[in-house]
Amino acid sequence: MQNIHHVTILGAGTIGASWAALFCKHRMRVSVYDPRDDAEALVRDDLQRAGPDFLPDDGLLTFHPTPEQAVAQADWVQESGPEDLIRKRLTADNF
């Protein structure tokens with residue numbers, strides 16, 4: 001993961017938030033997209049509970065209103081949406 005500096009998380013439930021925590025811990029830029037209105041609050045709460053090293057306060061963690069905006073600068077995309085094959089295929093077809 002040497003050349004990966006900016007990661008996008010698509011889907012910010014428990015698994016997506018866990019990935020965000022890992023990448024934040026390693027000081028990577030992390031962009032998050034999740035269609036839920038409360039996704040940012042949920043992820044930030046999860047990272048806060050994980051400990052101070054997991055929630056960056058320097059702009060490394062950002063949230064985006066569309067998946068297209070979230071992946072625009074990504075070196076790596078971590079898909080963590082619900083296990084719904086049709087939805088995953090539709091999402092993949094857009095990229």
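Values below: every heavy atom of this structure, side chains too, minus hydrogens, waters and symmetry copies. Note that the numbering runs from 1 along the sequence shown for the chain. Computed from a predicted model, the values in this text were never measured in an experiment.
- A single hydrophobic cluster is not seen to contain both L42 and L10; linkage of ILVMFWY side chains at heavy-atom distances under 4.5 Å, directly or through other members, places them apart.
- Residue C24 comes nearest to L61 through the heavy atom pair SG-CD1, 4.2 Å, listed as atom of the first residue, atom of the second, then distance.
- At least one donor-acceptor pair closer than 3.5 Å links the side chain of T8 to the backbone N or O of A70.
- Q69 contributes atom CD, which lies 10.5 Å from atom OG1 of T62 (distance to the nearest 0.5 angstrom).
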N/O donor-acceptor pairs under 3.5 Å from side chains in residues 47-57, not counting sequence neighbours:
residue	atom	partner	partner atom	Å
R49	NH2	D46	OD1	2.4
D53	OD2	K25	NZ	3.2

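- Rounding to the nearest 0.5 Å gives a distance of 10.0 Å between CZ of R29 and NE2 of H5.
- The heavy-atom pair separating S80 from I15 by the smallest distance is OG-CG2, 4.1 Å.
- Here the CD atom belonging to Q78 is positioned 13.5 Å from the OG atom belonging to S31, to the nearest 0.5 angstrom.
- For D38, the CG atom counts as densely surrounded, since its 6.0 Å shell holds more than 12 non-hydrogen atoms of other residues, nucleotides or ligands.
- Distance alone, capped at 3.5 Å, places no donor-acceptor pair between the D75 side chain and the I4 backbone.
- Between F23 and I9 there is a side-chain heavy-atom pair separated by less than 4.5 Å.
- Every pair tested for salt bridge (charged side-chain N to carboxylate O under 4.0 Å, His left out) that includes a residue from residues 4-24 fails, sequence neighbours excluded, so the list is empty.
- Taking 4.0 Å as the cut-off between side-chain N and carboxylate O, R27 and D58 count as a salt-bridged pair.
- Hydrophobic clustering of Ile, Leu, Val, Met, Phe, Trp and Tyr side chains at less than 4.5 Å, counting indirect connections, keeps L60 apart from Y33.
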